[in-house]
2 protein chains.
Amino acid sequence: MASNRVTSHDVARLAGVSRATVSLVLNRSESVTLSKETRERVMQAAAELGYKPNSAGRMLVSGLTETIGLIVSDPSILLVDQYIPQVLYGIEKANRQMGFHVLVEGLEAGGRTRAYDNLVESRRIDGLIVVNPRAGDRALISLIEKDFPVVLVGSVRHPAEVSVTFTTRNVIGQAVDHVVGLGHHRIGAITFSPRDFVSTNARLTALSSGLARHGLALDEDAVGDGNFSPESGYRAAKALLTRRPDLTAIFAGNDTIAIGVLNAAHELGRSVPADLSIVGFDDLPFARWLTPPLTTIRTDGVSQGKLAAEMLFARLHRRPLENKRVRMEPELVVRDSTQTAPTG
Amino acid sequence: MASNRVTSHDVARLAGVSRATVSLVLNRSESVTLSKETRERVMQAAAELGYKPNSAGRMLVSGLTETIGLIVSDPSILLVDQYIPQVLYGIEKANRQMGFHVLVEGLEAGGRTRAYDNLVESRRIDGLIVVNPRAGDRALISLIEKDFPVVLVGSVRHPAEVSVTFTTRNVIGQAVDHVVGLGHHRIGAITFSPRDFVSTNARLTALSSGLARHGLALDEDAVGDGNFSPESGYRAAKALLTRRPDLTAIFAGNDTIAIGVLNAAHELGRSVPADLSIVGFDDLPFARWLTPPLTTIRTDGVSQGKLAAEMLFARLHRRPLENKRVRMEPELVVRDSTQTAPTG
DNA sequence: ATTCAAAACTAACACGTGTTAGTAAGGGAT
DNA sequence: ATCCCTTACTAACACGTGTTAGTTTTGAAT
């Protein structure tokens, strides 16, 4: 274990050159001219010894870690919702292709904000991606204002933020057109998170203004609050459908919540989609396999993660960003959970 | 960004002591005696400047990184199955509590095995957790044989491995008793992965011997091969139920596959559980919300991850392991997807 | 033979930390 | 006065790397 630690010194000795030469050869430095045969002798020696530069030594002198931090707010969401893993995959893959490493850290709700300092101040990472940032996160905002390379998957609505989000106005408008076109006019919603989440807020606003275009309103008592898990969606939907039995369609905050809504409807003896139409959000892998297959709005978490990573690389290489706030356009996917409104 | 880099030298100057003293105070070294007031003066200076030791410097001299590597085989499974995120959460949380960091790396199937070397040889990590290791992974086995601190979430069936897995014989036996007790005797299975996965192999073997206890056999043509996604389960189940329409119960390799089986049954006009009983595996969060709620076998991914992390810490601290191969006992959860076998 | 320029390489520093060997001061005992 | 032991601290090394300023060698031109 501690046995095979080969240093550039060993390579130098085997190749019969100085340690400096080894470093120059291996880092392909063009500013200094080296003979072809010396280059080859060094490469050969390095290969023979299986030399891998010690990252700590390298980090110390270069100041670069080739590592990014990935902070996940409320990591327990990982347990119930399948969206974040998609983002994670996109981020990890992009980093792998760039030869970068990913340091994952969970930021428990209400936990210490030292997570940022520990990573940033101790120079463990070159940049940071924050998934699901909370709008009120002071430590994060301070980092953004210091111009540390941060990219958000989500938004804190700060003028200087660099972020990847989804536009919702357009696609939710389309979804509303679709549902209203089926004859529904008493429409409710279940959120997937507290209202102070930027995306939940945006989805509700888009829903409201979409309905307004048809002369309809989103009544406050037609909105129930979910909290990430299927169970929370179930409870909120049961309360909502009891309070407002006249509703014929429900927009779920996301697909995970939609599972709960589906169950609540069944339990109240309302069949989907005959008695109640449901629209999800995200188009997670299971959405098309629900009974009935879910009409939903497809966001592409993998691309979102990949894009966030690429934007971070651009910042790290001091390449200018054409757009500091990229907004992806989701797509309405109509399946069987939405159908003509029941008559009467 | 490069502005606020405070070194121990700065702290020393402000406190009016040498850099060595700063290091001794901050690392609570007991071997050297320091006056109470010097200690306080240094602590105060460090706090005032917001000093955070540079991790690279520390790593270089101590040889320790306070970081573990987390390698996920076939990371694309993250996209379709919700089990790995549970494990990930458990691992990350345990590390956070120990003040450790987690470096996540995906190991694409058939990809270069350099992933291990890059992390291990470059001394970026102190230890490694591998999730879903492939039995034939030479690079991994070589690491285990070198006695590098590795803990597996899964198994490669190597005598020297340290791993956390689940026993299946017992609980699958119970599940078989349950299903056979309901009058089923033509029983099939859909795997969740290729057969050379250790856990898939184990589950099939346990199923076979469970059936044998009741004088039943698991026919080879009663087994279909899934491949992680709901879709693969759907396709395999459709083929299986077409080939063997006499089957009245199916053991799905896991809950994700069970979703596909459920859909295949519906599409073939067989209602669940009246015409076909289904047993899942894992008890993922959505399992109880399927239609019908899924009878399944509860494994606890979070605990599995947590345990793996704790075993790795034990190795890193050279504490002896009471048990190198921990096997957790899953639990049968009976819901509505299993019911009395149809008559005739 | 001498000069000069390019080519090929290396000595030496810097990065920031943890730790060991060693120095200086204080004070009590002989 | 000398010795010695404890207390309080620091000088100096080591970790392994990237890079710059500088040195030696080569080879051709004068």
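As the structure is a prediction and not an experimental result, all values here were calculated from the model. All chains are named by letter (A, B, ...) in the order of the sequence lines, taking the proteins before the strands, and each is independently numbered beginning at 1.
Counting to the nearest Å, the C1' atom of D:dC9 and the NZ atom of B:Lys36 are 16 Å from each other. Rounded to a whole Å, the CD atom of B:Glu121 is 14 Å from the P atom of D:dG16. The nearest whole Å value for the distance from the CG atom in A:Leu26 to the P atom in D:dT19 is 12 Å. Atom CG in A:Leu24 sits roughly 14 Å away from atom P in D:dA21 (whole-Å rounding). In this structure, CZ of B:Arg58 is placed 11 Å from C1' of C:dG16, rounded to the nearest angstrom. Atom CG of B:Asn27 and atom C1' of C:dG16 are 13 Å apart (whole Å). If you take CZ of B:Arg124 and P of D:dG16, they are 16 Å apart, rounded to a whole angstrom. Note: CG (B:Leu64) to P (D:dC15) measures 15 Å, nearest angstrom.
Dashed line: the shortest gap from a side-chain N or O of B:Asn54 to OP1 or OP2 of C:dT17 is not under 4.0 Å.
Nearest to the side chain of A:Pro53, among D:dT19, D:dT17, C:dG18, sits D:dT17. Distance from the side chain of B:Leu60 is smallest for C:dG16 among the nucleotides D:dT17, D:dA8, C:dG16.
Taking the six-membered ring for Trp and the full ring otherwise, the centers of B:Tyr83 and B:Phe228 sit at least 6.0 Å from each other.
For the salt bridge (charged side-chain N to carboxylate O under 4.0 Å, His left out) condition, no pair includes a residue of residues 76-91 of chain B, sequence neighbours left out. Within the structure, no pair that satisfies the side-chain hydrogen bond (donor to acceptor under 3.5 Å, both in side chains) test touches residues 41-52 of chain B, not counting sequence neighbours.
Contacts of B:Thr38 with the nucleic acid, taken as non-hydrogen atoms under 4.0 Å apart, involve only primed sugar atoms and P, OP1 or OP2.
Of the residues in residues 7-22 of chain B, B:Val17, B:Ser18, B:Ala20, B:Thr21 come within less than 4.0 Å of DNA chain D through at least one heavy atom, sorted by number.
For B:Gln82 (side chain) and A:Val80 (main-chain N/O), a donor-acceptor pair under 3.5 Å exists by modelled atom type.
Residue B:Asn118 holds its CG atom at 12.0 Å from CZ of A:Arg96, rounded to the nearest 0.5 Å.
Side-chain atoms of B:Thr67 and B:Arg124, non-hydrogen and from C-beta on, never get closer than 4.5 Å to each other. Two residues are said to be in side-chain contact when any heavy atoms from C-beta on lie closer than 4.5 Å; A:Leu321 and A:Arg315 meet this criterion.
Heavy-atom distances to DNA chain D give each of B:Arg41 and B:Ser62 a nearest nucleotide, and the one nearer the 5′ end belongs to B:Arg41.
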